[in-house]
Amino acid sequence: MKTYRSLSRRGFLGASAASLLAAGRVFGEPADAPKKPSPDLERLGAVALTEAKKAGATYADIRINRYRQQFSGYRLSPERGGTKTDEVPFVTDQASFGFGVRVIASGQWGFAASPLVTSEEIARITREAVVVAKANAVLQASPVQLAPTKKYVERWTSAYQKDPFGVSVEEKLDLIHGAAVTLKKDPKIMVAFGFLAFRAEDKYFASSEGSSIQQYIVQVFPLLQATAVDMQKNISRSRSYQVPPVTAGWEAIAKANLGENAPRVRDEALEHLAAPPVIPGKKDLVLLPSHLWLTIHESIGHSTELDRALGYEANFAGTSFMTTEKMGNYQVGSELMTVYGDRTIEGGLASVKYDDDGVLTTKFPIIEKGIFKHYQTIRDQAHLVGEKESRGCCYADSWSSVPFQRMPNVWLEAGPRDVTPDSLMAGVDDGILIDGDGSFSIDQQRYNFQFGGDAFWQIKGGKKAGMISRVAYQAKTTDFWRSCDGIAGPAYWKQYGSFFDGKGEPEQINAVSHGCSPSRFRQVNVLLTD
């Protein structure tokens, strides 16, 4: 449902370079920005809206977007066939600028996009989008229905103190190199790896309903990982420093204290290497937020996407057992379980003030006291479940991508204030404490799953004991969440998440956070892996 301007490779590169230079002018500087969108962006947006109306569209919107993404880091590992350590730095820095136009004509969507952001190109691409919509109308049985939304005119910037792109690459590499060298100090640490990821997104949205919205979002993600190897036993074990990716600036990297945490990560990798294997069977689990976020993401986040429940994602990662007749009456988990979809929470990777439909984002209940209440929706989905408003979950990962329903931040409400991780473990005679995410698998309906982790400790007689290894647990989504009988209080609530969540065909990448407190689950089936 999208078209692009046909350009030669030389023409494309020339247009892209010129376009990126123009991007700085039209978007302006985010620091101390006015509350109104850039007049240059508004003029460009008006071209699409005027042209769409002339071509017969009943609705139109344009997104003009600029992206920048930078990765820098080090990998330290033994020289092949030698005794020295190879220290391999890497830096990538990518930028993209372009626009995409959506229209509704003859009752159907049409979309077209281009990397050449000029008034003439916007007018031409808008006409192409109308042609696409009219062609789609021949194949579609029912017209698009958009839930109403208000008109918004605003400029918004995510909260950050220091622009990470203003920090030199040399400073970033020095930070990671120092932490990686600390990880590698023990000879049993075969590989020390670390990286810093930074992403910035300038977004402009204008619609035929009168909205004009400019937004700027900055995100950061640090990571350290050590891999220990026992040559005689032919085994390896790893340990990561689980630092939450977050919508923030360089200050989040400073707070992560990578260098200070490197010795602990190294020691725990070595402890993991020597740890005995788990004895499989039914066990109580206490799951830390650094681990439980992924279980929330896969079993609750994806299963409550409305397009997945309706079968639209069947070719890519399946559908959902949370079918529409369950909405409002189905018990997913215990009464302790309340889960929200939330694109407003501070620091959340999916947090933004307006979605890519121009809808003001909100916090809404997905599960209340264990009962499934609401799907994640966008404007053209709301009527499919009898709702009158979008939940603000529309997103496209590029100016060249079609916006569709993407996961908001999905988080589990904390328990009572007096519940602590220690009190959760105190109620466990034979169990496992799990930290960090690891490998996982889940079926095509998001119902049967298996999750590993990054580090595991025994819980014996109500107390944390020694580290163990080769742990995974297996359950049905509903059995697992119904077994939840304890959640720690708000003081222990933390957000983790994914910088690289995939969905759709062609695949699009989203960033999303999941918050929770340490939680206890009873008599879950534990497996011996490897």
Side-chain angles (χ1 to χ4, degrees), residues 69 156-161 164 196-201 203 215-223 240-253 255-256 287-305 337-356 361-367 374 376 391-395 397 405-414 435-438 440 451 453-454 487-488 490-503 508-519:
Q69 187 163 267
W156 179 87
T157 299
S158 67
Y160 68 93
Q161 296 172 21
L196 301 173
F198 306 98
R199 179 186 293 144
E201 182 176 356
K203 301 159 66 80
Q215 301 180 94
Y216 181 66
I217 300 98
V218 179
Q219 299 169 334
V220 303
F221 178 25
L223 176 73
S240 298
Y241 178 27
Q242 301 285 334
V243 187
V246 65
T247 295
W250 179 257
E251 65 278 1
I253 303 298
K255 289 177 184 176
L287 306 181
L288 298 180
S290 58
H291 171 84
L292 187 55
W293 78 265
L294 184 57
T295 310
I296 294 170
H297 176 88
E298 297 296 341
S299 67
I300 303 301
H302 279 308
S303 69
T304 57
E305 295 170 311
M337 182 192 187
T338 293
V339 174
Y340 290 97
D342 189 354
R343 298 198 70 189
T344 68
I345 192 166
E346 183 180 355
L349 292 172
S351 292
V352 69
K353 191 161 186 182
Y354 302 93
D355 79 347
D356 283 358
T361 56
T362 61
K363 167 188 169 185
F364 61 94
I366 293 175
I367 296 167
H374 295 291
Q376 310 157 35
R391 299 287 173 185
C393 299
C394 188
Y395 179 73
D397 69 350
Q405 191 270 303
R406 293 310 307 267
M407 196 185 300
N409 305 303
V410 175
W411 54 267
L412 176 67
E413 190 173 54
D435 179 28
D437 56 78
F440 73 94
F451 283 88
D454 190 63
I487 301 176
Y492 305 97
W493 192 95
K494 292 182 180 179
Q495 284 192 110
Y496 287 80
S498 173
F499 228 52
F500 311 103
D501 179 40
K503 182 183 175 185
Q508 294 192 36
I509 301 300
N510 187 32
V512 60
S513 294
H514 303 288
C516 58
S517 291
S519 302

**Student:** To the nearest 0.5 Å, how far apart are OH in Tyr395 and NZ in Lys203?
**Tutor:**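 Atom-to-atom, Tyr395:OH and Lys203:NZ are 5.5 Å apart.
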
**Student:** For Cys516 and Trp293, work out which heavy atoms get closest and say how close.
**Tutor:**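 Heavy-atom minimum between the residues: SG-N, 4.3 Å.
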
**Student:** Looking at OG1 of Thr362 and CG of Asp355, how far apart are the two atoms once the value is rounded to the nearest 0.5 Å?
**Tutor:**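 Output value for this atom pair is 9.5 Å.
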
**Student:** If you look at every heavy atom in Phe499 and Ala197, which pair is closest and at what distance?
**Tutor:**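 Taking Phe499 first and Ala197 second, the nearest heavy atoms are CE2-CB, 3.8 Å.
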
**Student:** Can you name the closest pair of heavy atoms from Cys393 and Gln376 and give their distance?
**Tutor:**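 Heavy atoms of Cys393 and Gln376 come nearest at SG-CB, 3.9 Å.
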
**Student:** Does the plane of the ring in Phe500 sit parallel, tilted or perpendicular to the ring in Phe221? Use 30° and 60° as the thresholds.
**Tutor:**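 Ring orientation, 0 to 90° scale: tilted.
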
**Student:** Under the 3.5 angstrom rule, does the side chain of Ser513 hit a backbone N or O of Gly497 as a donor-acceptor pair?
**Tutor:**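 Side chain of Ser513 to backbone of Gly497: no pair is present.
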
**Student:** Are side-chain heavy atoms of Trp156 and Val352 found at a separation under 4.5 Å?
**Tutor:**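 In short, these two side chains touch, coming nearer than 4.5 Å.
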
**Student:** If you round to the nearest 0.5 Å, how far is OG1 of Thr361 from NZ of Lys353?
**Tutor:**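 Answer for the NZ-OG1 pair, Lys353 versus Thr361, is 8.5 Å.
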
**Student:** Please confirm whether the backbone N or O of Phe364 pairs with a side-chain atom of Arg391, one donor and one acceptor, at under 3.5 Å?
**Tutor:**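 No; judged by distance alone, with no hydrogens or angles, the pair does not exist.
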
**Student:** Drop me the distance from Asn409's CG to His514's NE2, to the nearest 0.5 angstrom.
**Tutor:**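 So the CG of Asn409 and the NE2 of His514 are separated by 7.5 Å.
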
**Student:** Among Val246, Val220, Val218, Thr247, exactly one meets side chain to side chain contact (heavy atoms under 4.5 Å, CB included) together with Tyr160. Which residue is that?
**Tutor:**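 Among Val246, Val220, Val218, Thr247, the one that satisfies the side chain to side chain contact (heavy atoms under 4.5 Å, CB included) with Tyr160 is Val218.
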
**Student:** Can you give me the closest heavy-atom contact between Gly301 and Glu305, atom names plus distance?
**Tutor:**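 Smallest heavy-atom distance, with atoms named: O-CG, 3.6 Å.
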
**Student:** Regarding Gln219 and Arg199, do their side chains bring together a donor and an acceptor under 3.5 Å, going by distance alone?
**Tutor:**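 Side chains of Gln219 and Arg199: pair found under 3.5 Å.
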
**Student:** Can you check side-chain contact (heavy atoms from CB on, under 4.5 Å) on Asp454 and His291, steps first, answer last?
**Tutor:** CA-CA 8 Å; Asp454 190 63; His291 171 84; over 6 Å; no

**Student:** Where is the tightest heavy-atom contact between Leu288 and Asp435, given as atom of each residue plus distance?
**Tutor:**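 Looking at all heavy atoms of both residues, the closest pair is CD1-CB, 3.8 Å.
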
**Student:** Would you call the rings of His297 and His302 parallel, tilted or perpendicular, where under 30° means parallel and over 60° means perpendicular?
**Tutor:**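 Because their plane-to-plane angle is over 60°, the rings of His297 and His302 count as perpendicular.
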
**Student:** So, are Arg406 and Asp501 salt-bridged, with charged N and O less than 4.0 Å apart?
**Tutor:**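 The answer is yes: the pair qualifies as a salt bridge.
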
**Student:** With Tyr241, which residues qualify under ring-ring contact (aromatic ring centres under 6.0 Å, His included), at least two apart?
**Tutor:**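 Not a single residue meets the ring-ring contact (aromatic ring centres under 6.0 Å, His included) criterion with Tyr241.
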
**Student:** State the CE-CD1 distance between Met407 and Ile300, to the nearest 0.5 angstrom.
**Tutor:**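 Separation between the atoms: 10.5 Å.
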
**Student:** Would you give the length of the straight line joining atom CZ of Phe451 to atom CG of Leu294, rounded to the nearest 0.5 angstrom?
**Tutor:**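 One finds 5.0 Å between CZ of Phe451 and CG of Leu294.
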
**Student:** I need the minimum non-hydrogen distance between Val243 and Ala256, along with the two atoms involved.
**Tutor:**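 Val243 and Ala256 have their closest heavy atoms at CG1-CB, 3.8 Å.
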
**Student:** Are there more than 12 heavy atoms of other residues, nucleotides or ligands under 6.0 Å from atom CD of Glu346?
**Tutor:**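 No - once you tally the heavy atoms of other residues, nucleotides and ligands closer than 6.0 Å, there are 12 at most.
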
**Student:** side-chain contact (heavy atoms from CB on, under 4.5 Å), that's the test. Do Phe440 and Thr295 meet it? Break it down for me.
**Tutor:** CA-CA 9 Å; Phe440 73 94; Thr295 310; over 6 Å; no

